Amino acid sequence: MIDNNQTCAVGQDSVPYVTCMIYVLEEWLGVEQLEDYLNFANHLLWVFTPLILLILPYFTIFLLYLTIIFLHIYKRKNVLKEAYSHNLWDGARKTVATLWDGHAAVWHGFSLLLDVFCALHGPREKCVEILRSGHLLAISPGGVREALLSDETYNIIWGNRKGFAQVAIDAKVPIIPMFTQNIREGFRSLGGTRLFKWLYEKFRYPFAPMYGGFPVKLRTFLGDPIPYDPKVTAEELAEKTKNAVQALIDKHQRIPGNIRSALLDRFHKEQKAH
């Protein structure tokens with residue numbers, strides 16, 4: 001402890017600045033041995049931070065489940081309103097039944113959320129139909145493999161996939177390349193390790209654990225549309241699209257990605273191009 005007669009004067013080498021600040025805080029708060037409390041808090045931080053980072057991705061999944069259950073309740077709002085208008089407990093019974101019905105639908109399906117947000121698995125003909133109707137269609141050519149195996153180097157992992165290009169050709173529409181800055185700093189996956197990569201290629205199931213949920217700055221950039229050209233094959237169009245996405249990455253992404261820098265990006269305004 002610092003003697004009460006000592007001061008925090010500049011040049012007084014016997015009293016380090018941090019020690020002096022701890023002493024001032026002890027005096028101000030009226031507590032003793034504040035340094036021990038701070039060391040204990042620091043220890044707890046180191047212990048619980050990895051646990052929190054592992055839990056956050058699954059908390060997001062939990063929120064998705066709550067969203068779907070809410071949609072099931074909203075879907076039946078008129079039925080529930082009518083039930084409550086007749087009898088309180090009849091309304092309560094139907095509300096509880098709706099909750100469990102929503103839980104069952106989520107646990108053994110997940111389709112309502114996909115329907116509400118117009119998400120689909122295909123087939124290719126359905127995608128072509130949507131585009132011909134004048135709607136926009138977002139496609140992730142890399143799919144689960146890229147989401148799982150790519151890392152802060154932002155490698156494009158599409159393999160030989162060209163189905164998305166054939167869809168654009170069949171629908172006679174342009175492809176608009178898109179990239180979201182810092183997307184791999186929000187969540188990190190251990191899928192790039194040899195074990196989890198082998199497990200995915202063997203079973204086609206995302207075994208790799210995720211961690212993160214960092215509130216990094218995300219910006220989505222759109223490139224120039226790649227126009228429809230009947231002379232271009234699906235392979236050539238897929239390669240053009242890949243190059244266009246790579247150009248967006250090269251222009252807008254820090255390589256390798258850094259979580260700390262991505263967090264600081266939230267406090268920096270990007271200069272608009274004139």
Side-chain angles (χ1 to χ4, degrees), residues 37-71 103 106-114 117 119 121 138-159 161 178-221 242 245-246 248-268 270:
Y37 290 115
L38 293 176
N39 289 334
F40 179 69
N42 184 60
H43 177 71
L44 289 179
L45 184 65
W46 278 103
V47 170
F48 286 105
T49 296
L51 181 62
I52 292 172
L53 295 181
L54 287 172
I55 290 175
L56 276 176
Y58 303 99
F59 180 71
T60 303
I61 296 175
F62 171 72
L63 292 179
L64 283 175
Y65 274 68
L66 287 182
T67 301
I68 300 169
I69 293 175
F70 164 77
L71 291 174
H103 168 267
V106 171
W107 198 251
H108 302 287
F110 225 85
S111 60
L112 182 61
L113 184 67
L114 299 180
F117 288 96
H121 297 291
I139 297 179
S140 177
V144 175
R145 176 182 279 104
E146 186 172 55
L148 198 66
L149 305 183
S150 188
D151 54 23
E152 65 273 14
T153 61
Y154 284 82
N155 293 322
I156 296 178
I157 306 177
W158 290 0
R161 294 187 176 181
M178 181 175 72
F179 168 71
T180 299
Q181 183 186 65
N182 295 329
I183 191 66
R184 301 216 174 280
E185 277 61 74
F187 290 92
R188 288 285 174 86
S189 166
L190 300 180
T193 59
R194 183 177 299 178
L195 172 62
F196 293 116
K197 188 181 294 185
W198 177 84
L199 286 172
Y200 177 76
E201 298 296 347
K202 181 71 174 178
F203 300 102
R204 288 293 189 274
Y205 191 82
F207 290 102
M210 297 178 62
Y211 66 95
F214 303 105
V216 300
K217 181 66 177 180
L218 299 178
R219 298 186 184 94
T220 297
F221 298 93
K242 182 178 179 180
V245 173
Q246 186 63 59
L248 290 175
I249 294 173
D250 294 340
K251 182 177 180 181
H252 299 290
Q253 183 59 52
R254 183 188 302 106
I255 302 292
N258 182 276
I259 295 173
R260 178 176 176 274
S261 298
L263 289 169
L264 292 176
D265 284 343
R266 297 189 58 165
F267 306 99
H268 298 146
E270 188 178 67

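Note that the structure is predicted; figures quoted are calculated from it, not measured.
Pairing each heavy atom of Asn182 with each of Val216, the nearest pair is O-CG2, 3.8 Å. The shortest heavy-atom contact between Arg161 and Gly142 is NH1-O, 3.2 Å. Between Met210 and Phe187 the shortest heavy-atom distance is CE-CB, 3.7 Å. Listed here is the closest heavy atom pair of Ser189 and Ala147: CB-O, 4.4 Å. Scanning all heavy atoms of the two residues, the minimum distance from Pro206 to Leu148 falls at CA-CD2, 3.9 Å.
Here Leu149 contributes atom CG and Asn155 contributes atom CG; the two are 10.5 Å apart, rounded to the nearest 0.5 Å.
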Q | Residues Met178, Phe221; criterion side-chain contact (heavy atoms from CB on, under 4.5 Å); working and verdict | A | CA-CA 6 Å; Met178 181 175 72; Phe221 298 93; over 6 Å; no
**Q.** Criterion side-chain contact (heavy atoms from CB on, under 4.5 Å) on Phe214 and Glu185, from CA distance to verdict
**A.** CA-CA 7 Å; Phe214 303 105; Glu185 277 61 74; over 6 Å; no
Q) Step by step, would you call Phe179 with Tyr154 a side-chain contact (heavy atoms from CB on, under 4.5 Å)? A) CA-CA 11 Å; Phe179 168 71; Tyr154 284 82; 3.8 Å; yes
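Qualifying salt bridge (charged side-chain N to carboxylate O under 4.0 Å, His left out) partners for Arg254, counting only residues two or more places apart in sequence or in other chains: Asp265. Checked against side-chain hydrogen bond (donor to acceptor under 3.5 Å, both in side chains), Thr220 has the following partners two or more places apart in sequence or in another chain: Thr180. With sequence neighbours excluded, the residues satisfying ring-ring contact (aromatic ring centres under 6.0 Å, His included) with Tyr205 are Phe207. Arg204 is linked by a salt bridge (charged side-chain N to carboxylate O under 4.0 Å, His left out) to Glu201, counting only residues two or more places apart in sequence or in another chain. Every residue two or more places apart in sequence or in another chain was checked for a ring-ring contact (aromatic ring centres under 6.0 Å, His included) with Phe196, and none qualifies.
Aromatic ring orientation, Trp198 versus Phe203: perpendicular (interplanar angle above 60°, classes split at 30° and 60°).
Although no hydrogens or angles enter the test, the distance criterion places no donor-acceptor pair under 3.5 Å between the side chain of Gln181 and the main chain of Gln253.
Taking 4.5 Å as the limit, some side-chain heavy atom of Ile156 sits within range of a side-chain heavy atom of Ile249.
Pairs passing the salt bridge (Lys or Arg N to Asp or Glu O under 4.0 Å) check and including a residue from residues 146-155, sequence neighbours excluded, read Glu152-Arg188.
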